[in-house]
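Heads up, the thing below is written out as structure tokens.
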Protein chains: 2
Amino acid sequence: MLHERPKESQDPPEARRVLDAIRQIISEGRLPSDGRLPTERQLAAELEAGRASVRRALDRLEAEGLIWRKQGKGTFAGQPPDPTEELAAQIASDVDPLSAMEARLCIEPALADLCARRATAEDVARLRKLAERTHDADDSDSAELWDGALHRAIARIAGNRLMLTAFTLIDEVRMGDDWQKKRHRARTPELRAFYDAQHQKIIDAIDARDGTAAAGAMREHLETLFDNLRKSMEGRA
Amino acid sequence: MLHERPKESQDPPEARRVLDAIRQIISEGRLPSDGRLPTERQLAAELEAGRASVRRALDRLEAEGLIWRKQGKGTFAGQPPDPTEELAAQIASDVDPLSAMEARLCIEPALADLCARRATAEDVARLRKLAERTHDADDSDSAELWDGALHRAIARIAGNRLMLTAFTLIDEVRMGDDWQKKRHRARTPELRAFYDAQHQKIIDAIDARDGTAAAGAMREHLETLFDNLRKSMEGRA
DNA sequence: GGGTGAAACCAATGAACGATTGGTTTCATT
DNA sequence: AATGAAACCAATCGTTCATTGGTTTCACCC
């Protein structure tokens, strides 16, 4: 499998130089408030390289999710905006936590499946990092945030814009209301450890490029959340 | 309370005349497919009235919900576009037919599952009616419309607002572009018969309240559509 | 052969301009 | 008080042109 490993240190020196230079521009944050990078032609001139080399480097950064590009518009650092807020706000009133969880149960296993088919080695590494952060989180609230980031990353890696938008819609509806309080109860230390194990299982399946297993593991995870949400709401009701 | 009643018959004769004239234009449906009415200035000229009178009449119709207006755009009959349409229009540019079909393949089997669990006898009857209409349709275009109505009905019966919105989003994106032409090819008479049989299978599973079977039948149906879409696009490319 | 640089072209986007359209005010008339 | 007329404001659309990412081609070099 050694021949498949896309190690950066194996890259040609010129490609490496350009890639590092652009990486530095992004990480140092010296760019406009909207995150816009110089144009490909400007970068090529500044770095004294060809435009093709610049594009190869940008392709890589885009695959890593560090930048997004749009023809005729430009190249930007960060994630592309998803204008779902207005729609989420409108339908939030007739969505309850249970139906939101039901929707997650429909969509996220499918996203895990797609994710397993399309994830690169770097993508898997990023997912593991997020799972680790979720595990190491001090309090229940920050664990919730890292958990959300993990699920969102899976949705993004799945690489289908419509499905990502659907996921974002559910996510924003969940955030919009005060359901946070209710979910808080479902985050006991024992359960958190259980969730972490389920995350591992999901990521392992993605790493093995086993879409069916990934979907199954995700479904199992969400079923657990569903059960605990139900218990939490019964206890409150 | 008599002094507060805004009875139309009490209106000044000129206002009444203009209002009725515009009402007639709308009710007779003799206007473009997008429902656009003539401009206020045109209406004033045609009806030989002042623009202020026309505006008073339009104010009334807008209050009644028969029309909606937007500065700089125009006056339209019917309901203003809802946020789902707007969102669909925004993301339509970076969605291709294949990824849209991929998204359908993720969402619609889940909808069929929910539908099987929640459909009433009347719901099933409605679905059978729609399948029959699809079968009896004269030309390929009207079959396409009835087919869309059938899938939409399943999404609605599923009874989950978030999932319905996700479905509508995909549906709007599909309608928005000129993908219609491409789909046209995938509607040969033999295929239509095949699709009809698949519809039957889906509805039978829903009727039997067998969610798993309904999801499987729906997945099979969409896989068929997917294959034919691929062939159609290869043939074109 | 594969990476590189250069050039040219395509397609999508945005800024700018003018024309159009609904929104508003004012004034004279009836 | 309602109407008609006119003028102006603000938002939108269509057009044009420059810009930008996407793509192809070619020559060069290791």
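Below, read A as the first sequence line, B as the second, and so on, with proteins coming before strands; counting in each chain starts at 1.
- Mapped onto DNA chain C by nearest heavy atom, Gln71(B) and Lys73(A) fall at different nucleotides, with Lys73(A) at the one closer to the 5' end.
- Classification of the His199(A)-His221(A) ring pair by plane angle, with boundaries at 30° and 60°, yields perpendicular.
- If Gly50(A) and Arg36(A) are placed on DNA chain C by their nearest nucleotide, the residue sitting closer to the 5' end is Gly50(A).
- Nucleotide dT21(C) holds its C1' atom 12 Å from the CG atom of Leu43(B), rounded to whole Å.
- Nucleotide dG22(C) holds its P atom 11 Å from the CD1 atom of Ile22(B), rounded to whole Å.
- Looking at every heavy atom in both residues, Leu58(A) comes nearest to Arg69(A) through CB-NH1, 3.3 Å.
- In this model, the phosphate group of dT20(D) is not approached by any side-chain N or O of Thr75(A) to a distance below 4.0 Å at OP1 or OP2.
- Counting non-hydrogen atoms under 4.0 angstrom, Gly72(B) reaches a base of the nucleic acid.
- Nearest-nucleotide positions on DNA chain D place Ser53(B) closer to the 5' end than the other of Arg55(A) and Ser53(B).
- Regarding Glu40(A), its CD atom lies at a distance of 15 Å from the P atom of dT13(C), rounded to whole Å.
- For dG22(C), the base has a donor-acceptor partner in the side chain of Arg41(B) [N/O atoms by modelled type, under 3.5 angstrom].
- Closest of all the heavy-atom pairs between Arg209(A) and Ala119(A) is NH2-O, 3.1 Å.
- Gln198(B) and Thr224(B) form a side-chain donor-acceptor contact under 3.5 Å, judged by distance and modelled atom types alone.
- Taking the side chain of Thr39(B) as heavy atoms from C-beta on, and the options dG21(D), dG4(D), dT21(C), the nearest nucleotide is dT21(C).
- Rounding to whole angstrom units, CD of residue Glu62(A) and P of dG21(D) are separated by 11 Å.
- Distance, Leu61(A) CG to dG21(D) P: 14 Å, rounded to whole Å.
- Along DNA chain D, the nucleotide nearest Arg51(B) and the nucleotide nearest Val18(B) are compared for position; the residue whose nucleotide lies closer to the 5' end is Val18(B).
- Here dG4(D) is the nucleotide among dG4(D), dG22(C), dG21(D) with the atom lying nearest to any side-chain atom of Ala52(B).
- Nearest nucleotide to the side chain of Lys70(B), out of dT21(C), dT12(D), dG5(C): dT12(D).
- When all heavy atoms of Ile22(B) and Ala57(B) are compared, the pair lying nearest together is CD1-CB, 4.0 Å.
- Per the geometry, CG belonging to Leu47(B) stands 10 Å off P belonging to dG4(D), to the nearest Å.
- Remark: P of dA19(C) and CD of Gln42(B) are 18 Å apart, rounded to the nearest angstrom.
- Arg56(B) has its CZ atom 14 Å from the P atom of dT24(C), to the nearest Å.
- Comparing dT12(D), dA10(D), dG22(D) against the side chain of Arg69(A) picks out dG22(D) as the nearest.
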